[in-house]
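Okay, here's the structure, questions in a sec.
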Amino acid sequence: MTDYRGTLQLKRGREKPVENRHPWIFSGAVEAVHGDPEPGDLVAVVDSRDRWLATAYYNARSQIRARILSWEADDIVDEAWWYARLQAAIGRRLALQLEPDTTAYRLVNAEADFLPGLVVDRYADYLVLQALTMGIERRKAMLASALSELTGAAGIVERSDVDVREKEGLPATRGLLAGEQPPPSVEIREHGLRFLVNLMEGHKTGLYLDQRENRALLGQPRFVSGKELLNVFAYTGGFAVLAAAAGAGPITNIDSSVAVLEQAERNMAQNGFDRPGDEYLAGDAFKVLRHYRDTGRQFDVIILDPPKFAHSQRDVQPACRGYKDLNWLAFRLLRPGGLLATFSCSGLVDADLFQKVVFGAAVDAGRDAQILFRLGQAPDHPILLTFPESAYLKGLLLRVV
Ligand code: SAH
């Protein structure tokens, strides 16, 4: 038997999402909690007539009161269970056959891998772990030791320096969890190209791994060979390196951070791309694009990969205005026949809404555009069908005609 520390009883008629295998139990669905469980403890989830539904971990401090670990009555959730779940998630990554061309990818995608609150990314010999909930926080030492055993990683660092931890009553934290501290620059490969990653200071866990397949799509000669590119929100040059490898013409990279642009330049050099025509411009994307519009500068291919604009429901409208503004500017800067790769990683702005916003931008800019590809997150960031919240990255590859 699982060692439950309490029972969470649902209100009458609130068992449907649990039966449909949605992993979150919100405070509003909870009738009572028996046994006084501590934050992170395992609880049995039962319906209003005491029928067993699932095993979950609990946190009274979070609006998401419990996250379901298992819907199987026979599952005993102990250390061996966690080990098996990690092993299964890692096995699914091996099945994607990313290695050896790609050595940085997500091993565990939280709820979508049946391990709520846990993110684990691999960067060559090192792993980066994010504990997003109390349930994972309390088990991270055990999880790190299991991961060491399963992957043979030289070291595991924690990058739990994310805002969502506040909602669980947890402070931001980062540090070494197991093995050795990685060097300041870890070299990884993506589609055979080389990147230096700073696992302690980089955004997220180091790279935006979710964009990998979109970088590869854009990095095809048929789209970029000989073309003039504008890479907006360039970060450490992911799109630029792939495009350069495909024979792109001059690339203008824009980012608000000088440090990441220096890293982008290093990553180009790391692949032997000595290209005097490329530019690295530190500044606010909105301002730079407006300046280009005013001065009549034009491009053949524009990539718009902004940071998350909508963090809560309240932000959705202003976020959409931001996306519209950016896309409107991009449409104005494209030469006829040009391509626009436009993205949003705001989970609260779904693919339909995003497409409407881009449509509005095109109409206002007076441009006709065709969708060549609808884009999403890479398959090592799978979307669980029963958990639509796991879909957050969407994009369109458009041709302006
Ligand atoms: N395309 C990148 C990831 C982009 S992440 C890749 O594939 O790796 C978003 C980037 O936008 C970050 O590097 C951040 O520094 C930058 N950024 C955030 N706000 C900005 C702004 N207003 N203007 C320009 N860059 C901005």
Side-chain angles (χ1 to χ4, degrees), residues 102 104-106 121 123 128 159 162-163 186 188-191 193-199 201-219 224 229-246 248 251-268 270-271 278-292 301-311 315 318-319 321-327 329-330 333 340-347 375-378 380-381 392-397:
T102 293
Y105 49 90
R106 181 149 296 187
D121 289 341
Y123 289 89
V128 182
R159 286 295 305 276
V162 285
D163 298 342
V186 172
I188 64 98
R189 281 189 303 277
E190 178 174 289
H191 298 297
L193 294 159
R194 299 158 73 180
F195 290 87
L196 294 172
V197 191
N198 185 332
L199 300 183
E201 306 292 334
H203 296 185
K204 307 232 273 184
T205 61
L207 285 179
Y208 291 84
L209 300 174
D210 50 3
Q211 282 282 24
R212 182 188 322 102
E213 302 311 321
N214 301 325
R215 288 190 283 261
L217 180 76
L218 261 287
V224 296
L229 258 70
L230 178 61
N231 184 22
V232 193
F233 307 99
Y235 190 50
T236 54
F239 279 100
V241 168
L242 272 285
I251 304 175
T252 300
N253 298 284
I254 298 171
D255 202 284
S256 52
S257 156
V258 176
V260 305
L261 288 172
E262 285 170 1
Q263 193 70 28
E265 225 174 326
R266 269 197 293 278
N267 282 331
M268 291 290 268
Q270 197 71 4
N271 292 283
D278 292 343
E279 278 184 83
Y280 300 87
L281 223 129
D284 174 49
F286 290 86
K287 285 195 186 134
V288 176
L289 265 55
R290 244 175 243 125
H291 174 72
Y292 287 162
V301 180
I302 299 180
I303 298 155
L304 291 181
D305 186 19
K308 191 166 166 177
F309 285 168
H311 297 270
D315 301 339
R321 275 197 292 277
Y323 289 127
K324 184 168 177 189
D325 208 16
L326 270 179
N327 283 278
L329 284 162
L333 301 181
L340 171 62
T342 180
F343 298 95
S344 160
C345 60
S346 301
L375 308 170
Q377 59 218 51
D380 51 327
H381 297 58
Y392 62 95
L393 180 64
K394 76 267 340 161
L396 298 168
L397 178 56

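Computation of the quantities below employed the complete heavy-atom set of this structure, encompassing side-chain atoms and omitting hydrogens, waters and symmetry-equivalent molecules. As the structure lists them, so they are numbered: ligands from 1, and atoms in each ligand from 1. In this text the structure is predicted, and so the values were computed from the model without any measurement.
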For Thr342 and Tyr323, does a side-chain donor sit closer than 3.5 Å to a side-chain acceptor?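 No pair is found: no donor N or O on one side chain lies under 3.5 Å from an acceptor on the other.
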
Arg215 to ligand 1: N or O pair under 3.5 Å?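 There is such a contact, yes.
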
Could you tell me whether a side-chain N or O of Arg106 sits under 3.5 Å from a main-chain N or O of Asp210, the two making a donor and an acceptor?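 The answer is no, because no donor-acceptor pair under 3.5 Å joins these two groups.
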
Closer than 4.0 Å to some heavy atom of Ala285 - which atoms of ligand 1 meet that?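 Those of ligand 1 that fall under 4.0 Å from Ala285 are 21 (C), 23 (N), 24 (C).
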
Treating Asp284 as the side-chain partner and Ser256 as the backbone partner, does any N or O pair qualify as donor plus acceptor under 3.5 Å?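 Such a contact is absent between Asp284 side chain and Ser256 backbone.
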
Provide the number and element of each atom of ligand 1 under 4.0 Å from a heavy atom of Phe239.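 So the atoms of ligand 1 that pass are 1 (N), 7 (O).
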
Within the side chain of Asn271, is there an N or O that forms a donor-acceptor pair under 3.5 Å with the backbone of Arg194?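 Yes, because the side chain of Asn271 sits within donor-acceptor range (under 3.5 Å) of the backbone of Arg194.
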
If you measure only the distance, is there a donor-acceptor pair under 3.5 Å linking the side chains of Tyr235 and Asp305?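 Tyr235 vs Asp305: no donor-acceptor pair found between side chains.
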
Are any of the N or O atoms of Gln211 closer than 3.5 Å to those of ligand 1?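 No: no nitrogen or oxygen of Gln211 is under 3.5 Å from one in ligand 1.
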
Based purely on interatomic distance, does Gly238 place a nitrogen or oxygen under 3.5 Å from a nitrogen or oxygen of ligand 1?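 In this structure, Gly238 places no N or O atom under 3.5 Å from an N or O of ligand 1.
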
Numbering the atoms of ligand 1 from 1, which are under 4.0 Å from a heavy atom of His203?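 What qualifies from ligand 1 is 12 (C), 13 (O), 14 (C), 15 (O).
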
Please determine whether the number of non-hydrogen atoms from other residues, nucleotides or ligands lying under 6.0 Å from atom NE2 of His203 exceeds 12.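 Above 12, so yes.
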
Polar side-chain atom of Asn214 near backbone of Gln377 as donor-acceptor pair, under 3.5 Å: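 Side chain of Asn214 to backbone of Gln377: no pair is present.
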
Just to be sure I'm reading this right: ignoring hydrogens, which of Asp305, Leu242, Asp284 gets closest to atom 2 (C) of ligand 1? Compare them by their nearest heavy atoms.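 Minimum heavy-atom distance to atom 2 (C) of ligand 1 goes to Asp305.
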
Could you say whether the N/O atoms of Pro307 and ligand 1 ever approach to under 3.5 Å?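 Pro307 vs ligand 1: no N/O contact under 3.5 Å.
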
List the closest protein heavy-atom neighbour of atom 10 (C) of ligand 1: residue, atom name, distance to the nearest 0.1 Å.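 Atom 10 (C) of ligand 1 sits closest to the protein heavy atom Asp255 OD2, 3.4 Å.
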
Provide the number and element of each atom of ligand 1 under 4.0 Å from a heavy atom of Tyr235.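 So the atoms of ligand 1 that pass are 2 (C), 3 (C), 4 (C), 8 (O), 13 (O).
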
Do any N/O atoms on Thr236 end up under 3.5 angstrom from N/O atoms on ligand 1?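 No - when backbone and side-chain N and O of Thr236 are compared with those of ligand 1, no distance drops under 3.5 Å.
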
Output yes when the distance from some N or O of ligand 1 to some N or O of Ser257 is under 3.5 Å, and no in every other case.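 No, Ser257 has no N/O under 3.5 Å of an N/O on ligand 1.
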
Measure the distance from atom 17 (N) of ligand 1 to every protein heavy atom, then report the residue, atom name and distance (to 0.1 Å) of the closest one.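 The closest heavy atom on the protein side is Ser256 OG, 3.3 Å.
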
Report the relative orientation of the aromatic rings in Phe343 and Phe239; use parallel for angles under 30°, tilted for 30 to 60°, perpendicular for over 60°.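 It falls in the tilted class, 30° to 60°.
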
Do NZ/NE/NH1/NH2 and the carboxylate oxygens of Asp325 and Arg290 come within less than 4.0 Å?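 Salt bridge between Asp325 and Arg290, a charged N being under 4.0 Å from a carboxylate O: yes.
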
Decide whether the shortest distance between a heavy atom of Gly283 and an atom of ligand 1 is less than 4.0 Å.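 Right, Gly283 reaches ligand 1.
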
Does only the side chain of Phe233 get under 4.0 Å from ligand 1, or the backbone, or both, or neither? Count heavy atoms.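 Both backbone and side chain.
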
Can you check whether Ala104's main-chain N or O pairs, donor with acceptor, with Arg212's side chain at less than 3.5 Å?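 Side chain of Arg212 to backbone of Ala104, a donor-acceptor pair under 3.5 Å: yes, one is there.
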
